[in-house]
> 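Please read through the structure below; I'll follow up with questions.
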Amino acid sequence: MTTPYPFSAVVGLDDLRLALLLTSVSPAVGGVLVRGEKGTAKSTVVRALAGLLPAVTVVRGCRFACDPAAPDAQCPDGPHAVDSPAEHRPSALVELPVGATEDRVVGTLDLQRALADGVKAYEPGLLAAAHRGVLYVDEVNLLPDHLVDLLLDAAAMGRAHVERDGVSVKHAARFLLVGTMNPEEGEPRPQLVDRFGLVVTVAAPRDATLRAEVVRRRLAYEADPAAFAARFAADEREYAARIAAARALLPTVVLPDAELDRIARVCLAYGVDGMRADIVVARCSVAMAAWHGRDRVTAEDVRDAARLALPHRRRTDPLDPPGTDEEKLDEALAEAERQAERDAAPDDPDPDPDSDPGGGSDSDPGGGSDSDPDGGPDNGPGGGPDNGPGGGPDNGPGGGPENGPDRGPQSGGAPARTEQDDATGQGHQTPAAPPARPGAAFRPRTLRISARGDGGHSGRRSPAYARRGRVIGSRKPTGKLSGAPHLPATLWAALHRGALQATGGMDVQPRDLREAIHVGREANLVLFVVDASGSMAARKRMTLVKTAVLSLLRDAYQRRDRVGMITFRGAEADVVLPPTSSHEVGVLRLAALRTGGRTPLAAGLRAAARTIATERRRDPRRRPLLVLVTDGRATSGPDPLPLATALAGVTTVVVDCESGPIRLGLARRLATALRADVMPLDRLEAATSGHRPAAGPVNPADRAYRRAA
């Protein structure tokens with residue numbers, strides 16, 4: 001067994017270590033999401049945490065880690081008597097791979113017992129193995145949607161519900177959820193992010209001394225893991241003892257009403273949604289006090305808890321970048337402090353008659369123009385003495401044993417999970433999104449091919465039959481089994497043939513075998529055809545067009561697509577980016593895009609048809625998605641409408657760049673000829689992060705648009 005890297009040997013990453021330790025003290029805090037670029041020791045720190053957690057007492061022989069003091073009444077291995085024999089087990093650290101199948105996560109039919117004994121039996125999955133332990137998901141933002149749904153259910157209910165393969169089981173699944181992610185690969189679903197109590201952003205150290213120490217320790221560990229672990233054994237025991245002591249102290253920690261009021265004021269001032277933020281900050285504050293050995297929550301505990309629990313809960317606008325807004329959080333803390341002081345101040349029995357009757361203590365929520373914007377004392381991120389996650393040696397301000405190149409995380413252009421309204425693009429009327437800020441990428445709506453593909457290229461865009469994903473049925477294999485076997489269908493085929501033996505066993509033969517039909521996501525060829533003519537530049541729309549295409553390029557990269565770009569201006573079209581997997585080249589070509597001249601729309605369509613035909617010969621299984629960015633005008637060359645037949649069968653989205661209250665509807669007419677969806681440029685942004693935009697009132701610009709069309 002490989003010796004894990006010691007938790008106390010990690011250089012810096014104080015916030016990450018503190019967050020992990022707090023959730024270890026109080027799993028009710030809700031887990032940790034770790035954001036950071038490649039090579040910042042995210043996985044190393046999480047895996048090292050398991051060695052510090054106290055052992056758990058379980059019912060002997062129970063596969064679901066039931067607590068003997070309070071056994072689960074619905075445990076599939078139960079019922080357990082109160083005096084059942086007990087045993088001690090190390091706390092489990094269960095890793096959920098991104099490529100895991102649904103049956104491996106929630107469990108499935110025990111095939112061995114079904115074949116041998118002819119009975120239905122449940123084989124537990126990863127959720128059962130993680131009960132009362134840690135469930136770690138590396139690259140959680142790449143987790144398929146159907147697995148995210150399973151995690152959301154378990155995290156919300158504390159139980160796993162298994163309804164599959166003829167098995168109906170419920171069992172406890174309370175675990176510490178820890179996820180790591182690289183923001184460059186896209187954002188996870190907001191519902192999943194909200195289930196994490198704390199979010200920490202990590203980065204490589206910018207100090208040469210710390211970076212050298214990171215490398216020094218990593219090399220020493222690789223040379224002799226056992227000797228390196230022995231070097232930090234005393235610190236590891238100190239961490240483990242402190243976690244155990246904090247857990248014992250936790251039930252006695254008092255959260256005063258004054259600090260509870262402070263938490264409510266901070267959450268209101270910070271503008272969070274719902275009540276989960278208040279609850280998480282309260283739980284985290286109690287855990288913080290217990291970790292520091294205090295039996296009463298202080299203002300410093302609330303400050304530090306808010307710094308870890310609130311920033312990711314304020315992203316109500318999809319244009320807001322993810323991450324910590326320290327200045328806004330400091331303002332919220334300062335405002336809560338001022339409000340508390342105003343509430344605590346005694347009423348003045350003889351107010352100044354010259355004072356403004358409307359300017360009392362409750363009328364100025366900002367506390368006056370001369371107030372200190374930084375609030376109370378020690379406003380820095382440390383929040384008081386002994387703020388390190390254990391007081392151990394060698395705690396620096398950043399870094400880790402696997403720090404890579406010093407590159408900051410990117411925060412724009414994360415993929416939204418919204419579908420097109422319908423085949424015509426007119427099925428739903430949605431309010432217009434705010435206009436894009438020039439030069440800043442936004443979160444675009446997800447453009448997908450509605451028909452299912454054959455899953456030739458694994459990705460994250462369009463639905464397709466795949467080797468993994470949601471199981472929708474079964475089929476008899478035509479040759480060699482191409483995917484996973486469908487166990488219930490196989491058994492049913494054998495039973496229908498009369499394979500059940502008198503002894504209770506079952507004679508399953510190759511002809512009974514059935515394979516599962518999975519539906520997942522595939523990558524596509526996303527070809528951008530962009531109008532770069534003078535009509536676009538004259539109306540000062542090219543900045544918005546570049547912003548939109550940049551956002552779509554980044555979205556295509558995050559979904560593993562190949563991208564290509566064609567521009568048309570003057571008298572011809574130019575393939576500025578042949579289909580490639582390098583979105584960086586597309587960004588550079590977009591930045592250097594020249595504009596001006598007439599509009600040869602027909603030339604752009606011909607170039608798109610040639611490019612798609614070439615790619616189909618090279619890779620027949622990759623389906624194309626054409627994104628045509630134009631206002632529909634054609635001032636040079638032949639009429640573009642007859643060329644629509646050259647693009648027959650290609651899924652197309654026309655991004656209509658026409659603006660103004662009076663519109664000619666040329667782009668919509670072109671979309672009709674191409675049998676394409678049409679989307680106004682100012683509505684390309686995702687209205688919400690992770691949801692289909694809700695129906696709402698029609699604004700005047702949209703009404704005029706439809707009249708003109």
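Atoms considered below: every heavy atom in the structure, side chains included; atoms not considered: hydrogens, waters and symmetry mates.
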> Examine the side chains of Y221 and T3 and answer whether a donor and an acceptor come within less than 3.5 Å of each other.
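No, no side-chain donor-acceptor pair sits under 3.5 Å.
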
> First locate atom CG of L177, then atom CG of L192, and finally report the distance between them rounded to the nearest 0.5 Å.
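Taking CG in L177 and CG in L192, the distance rounds to 7.0 Å.
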
> Working to the nearest 0.5 Å, report the span between CZ of F175 and CZ of R132.
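Answer rounded to 0.5 Å: 15.0 Å.
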
> Between E259 and R262, does a salt bridge (charged side-chain N to carboxylate O under 4.0 Å, His left out) hold up when you go through it step by step?
CA-CA 5 Å; E259 300 308 323; R262 186 193 307 274; 2.8 Å; yes

> Starting at CG of L260, measure out to CZ of R265 and round the result to the nearest 0.5 Å.
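It comes to 10.0 Å.
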
> Is the closest side-chain heavy-atom distance between V45 and V34 below 4.5 Å?
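No, every pair of side-chain atoms sits at 4.5 Å or beyond.
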
> Could you check whether the rings of W291 and Y239 sit parallel, tilted or perpendicular, using 30° and 60° as the cut-offs?
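Parallel.
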
> May I ask you to check whether Y5 and F228 place their ring centres under 6.0 Å from each other?
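For F228 and Y5, the ring centres are under 6.0 Å apart.
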
> Do T23 side-chain atoms and L20 backbone N/O form a donor-acceptor pair below 3.5 Å?
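Yes, the answer is positive, given that a donor and an acceptor are paired below the 3.5 Å cut-off.
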
> Show the numbers, then the answer: is there a side-chain contact (heavy atoms from CB on, under 4.5 Å) between L21 and F7?
CA-CA 11 Å; L21 291 168; F7 187 86; 4.1 Å; yes

> Between atom CG of D194 and atom NE2 of H312, what is the distance when rounded to the nearest 0.5 Å?
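Here the interatomic distance stands at 6.5 Å.
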
> Please determine if R218 and E222 form a salt bridge, counting it only when a charged side-chain N lies under 4.0 Å from a carboxylate O.
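Salt bridge: yes.
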
> What distance separates L96 CG from E139 CD, expressed to the nearest 0.5 Å?
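Rounded to the nearest 0.5 Å, the CG-CD separation comes out at 13.0 Å.
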
> Is there a donor-acceptor pair closer than 3.5 Å between any side-chain N or O of R461 and the backbone N or O of D561?
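Pair absent, no side-chain N/O of R461 close to backbone of D561.
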
> Nearest 0.5 angstrom please: L18 CG to L13 CG, how far?
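Nearest 0.5 Å value for the CG-CG distance: 12.0 Å.
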
